[in-house]
Amino acid sequence: MKKQVRLLVAALVLIGLLFIPKLFSMDYYMHMFVMSEIYTVLALSLALIVGFSGQVSMGHAAFYGIGAYVSALLSVNFGFSFWVTIWIAGIAAGVVSFMIGVLVLRLRGHFLAITTAFFGILVGLVFNNWTTLTNGPMGISGIPRPTPFHFAGFNMVVQTRAHYYYLGLAFAALVTFIVYRLINSRIGNALIAIRENEELARSIGIDAMAYKVFAFTVGGGLAGMAGSFYAHYILFISPVTFTVGESINILVMIIFGGMTTLFGPILGAVFLTVLPEFLRIAGSLRLVIYGVALVVFIIWMPLGVWGSLKSFWMGQRQASLQTARENPERL
Amino acid sequence: MLEARGLSISFGGLKAVESVDLSVGKGEIFSLIGPNGAGKTTLFNLLTGFLKPDRGEVLFMDQPILGRQPHEIAGMGLIRTFQKTNIFAEATVKESVAIGFHTQRQANIVDILVNGPNSRAEKRAVEEQTREILAFTGLLPWSDYLGKNLPYGKQRLLAIALALAAKPRLLLLDEPATGLNPVETKELIEIILSVRETYGITVLLIEHNMKLVISISDRIAVLNFGQKIAEGKPNEVAQNPAVVEAYLGRGFRNAS
Ligand SMILES: Nc1ncnc2c1ncn2[C@@H]1O[C@H](COP(=O)(O)OP(=O)(O)OP(=O)(O)O)[C@@H](O)[C@H]1O
Ligand SMILES: [Mg+2]
């Protein structure tokens, strides 16, 4: 019953999202929505690492960047189609993520945060200085759009923002679904156990290191795919997009939305992609508002917007259970 | 079932555990007692891979387990609880116990992503067995509570329920009765006894509550300053002069 209601809500939301390009035809809005989709994937993939497994990563944009560069270079230099390079980008970012994970995931807390930030800086340096490959700060331009796609009689071209919007929607929906299945499986259970209490998790037979590395690899791989999508959407990439600042931006999204839920990162990604555009009116005050809001969230709302709502609802239920226990006659 | 020989570890100059031999037979309830700081918890950490001994060897089900990771040892059926209350604070009781079934779940990644038959069957089985364990430990009415919102006594029980979910062949309990009131202690005794009756699990118990220890143990070993000073049936050990002296000399929490 509850499951059917959920499915129905999900279906309705998806149908509603399909109509967005009809409602907002302005390029400017559509661009915001496509970016929201990319950030949804980035936020969900980071939530898998930080929210569900409890391992703070400040280098997520590095995997986003590795995916973008791999995809761009393969299609610009060798003429590979986006439909091929997005997978290669994901795998490449995943492999790097795996190797970094094995190296750094024995660290905890601040040490892990700082090390992953350093990794992010290092990757940025490579993008900037390995000029023969990456063209340095000038970036890579002339990245081709996704080639027309023939599927079951359909001939899908990706040209307008609306096209990208639909493609991005499919991508974000698929990633949401994957993360949903993962967190509701034995794997998700193991990750949550590690986040909550690693010692206890190990004592009941959970290979903490292996699961942390798994989450890091999958998260990095998905971020790499998001990078590929970004490259073939903007058609130009340069190192400034994939900085530690961007990693923090993604981190803020999941802190804001609530990183231990499925919906929280999505909410954070969409809200914080759209909101700054409206805050532009506030000019340079924007950063101040942003900073203050972040501090407020970390201190008073560590579960994020969606997490807090969820926990409030659970608290209510437990309180009613409590009264039922204390006054059985009232049942 | 469990065979330890010459186990030793020292921290700096302190010999926390010194040449301890231990042999626990299948189906026994074996207790480990000794004054505060005698090395009991350290011995548990050595047996379960949380600490590496300086010397000695450990066989579990006739297999050497020294040098293995805690999760590998747990996977073989040697499950321990902790002296401090150790639970998943932000998970509900039901979720926590479900996590405990980890090593018994095999669904592969493809099956998980498509929610295939294995994955679904597994989830149903876990749900069912979780209920069974919650009923067994009397936690069923608390299923939907977060671990951190449970009263202290129930948190202690949750830690045991979680250990039981992990399918122990040998269950190591570190002072499970600490802080329990007399009613809760009696419940705990019932649970330990039926853990053996119902599930055929062997129990190795650290406990300061002598009444509890004497009433349920088949055999007792006494540690003092890291060394085993006595071993035998409860009444033999209680009359052993070395044991009496160890306790008189060092003071003994909950000695009643
Ligand atoms: N990781 C460690 N590092 C340094 N010293 C330790 C460590 N663990 C235990 N010790 C010391 O080893 C000795 C034995 O400690 P242990 O916790 O095993 O005692 P215990 O018998 O469990 O005592 P209690 O009844 O108080 O729980 C103590 O002196 C303790 O301070
Ligand atoms: Mg102890």
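Just so we're on the same page: letters track the sequence lines, and every chain starts at 1. What you see is a predicted model, and the numbers here were worked out from it, not measured in a lab.
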Top of B:Met76, B:Gln106, B:Glu95 for chain A proximity - count of heavy-atom pairs under 4.5 angstrom: B:Gln106

Chain B interface, residue from A:Ala208, A:Ala190, A:Gly205 that has the most non-hydrogen pairs under 4.5 Å: A:Gly205

A:Asp207 side chain to B:Gln69 side chain, donor-acceptor N/O pair below 3.5 angstrom: no

Min side-chain heavy-atom separation A:Leu182-B:Ile109 under 4.5 Å: yes

Nearest-0.5 Å distance that lies between atom CD1 in A:Ile204 and atom OG1 in B:Thr81: 12.5 Å

Most chain A-contacting option - heavy-atom pairs closer than 4.5 Å, from B:Val114, B:Asn86, B:Thr103, B:Leu78: B:Asn86

Which atoms of A:Phe177 approach chain B - backbone, side chain, both or neither, heavy atom under 4.5 Å: side chain

More than 12 heavy atoms of other groups within 6.0 Å of B:Arg169 CZ: no

Options B:Leu162, B:Ile79, B:Val126, B:Asn115, ranked by heavy-atom pairs under 4.5 Å with chain A, top entry: B:Asn115

Rounded distance [0.5 Å steps], CD1 in B:Ile99 versus CD in A:Glu196: 7.5 Å

A:Ile206 vs B:His102 side-chain heavy atoms within contact, under 4.5 Å: yes

Beyond-backbone contact of B:Ile112 with A:Ile187, side-chain heavy atoms, under 4.5 angstrom: yes

Interchain contact, B:Lys84 with chain A, by part (heavy-atom threshold 4.5 Å): side chain

Engaged part of B:Glu122 at the chain A interface, taking heavy atoms whose separation is under 4.5 Å: side chain

Interface moiety of B:Lys123 toward chain A, non-hydrogen atoms closer than 4.5 Å: side chain

Flag, side chain of B:Arg80 to backbone of A:Ser203, donor-acceptor distance under 3.5 Å: no

Under 4.5 Å from a heavy atom of chain A, the part of B:Phe101 involved: neither

B:Asp62 atom CG, neighbour heavy-atom count above 12 within 6.0 Å: no

Neighbour count >12 (heavy atoms, 6.0 Å) for atom CZ, B:Phe50: yes

Contacting region of B:Phe88 [heavy-atom separation from chain A under 4.5 Å]: both

Neighbour count above 12 (heavy atom, 6.0 Å) for B:Lys167 NZ: no

Within 6.0 angstrom of B:Tyr199 OH, more than 12 heavy atoms from elsewhere: yes

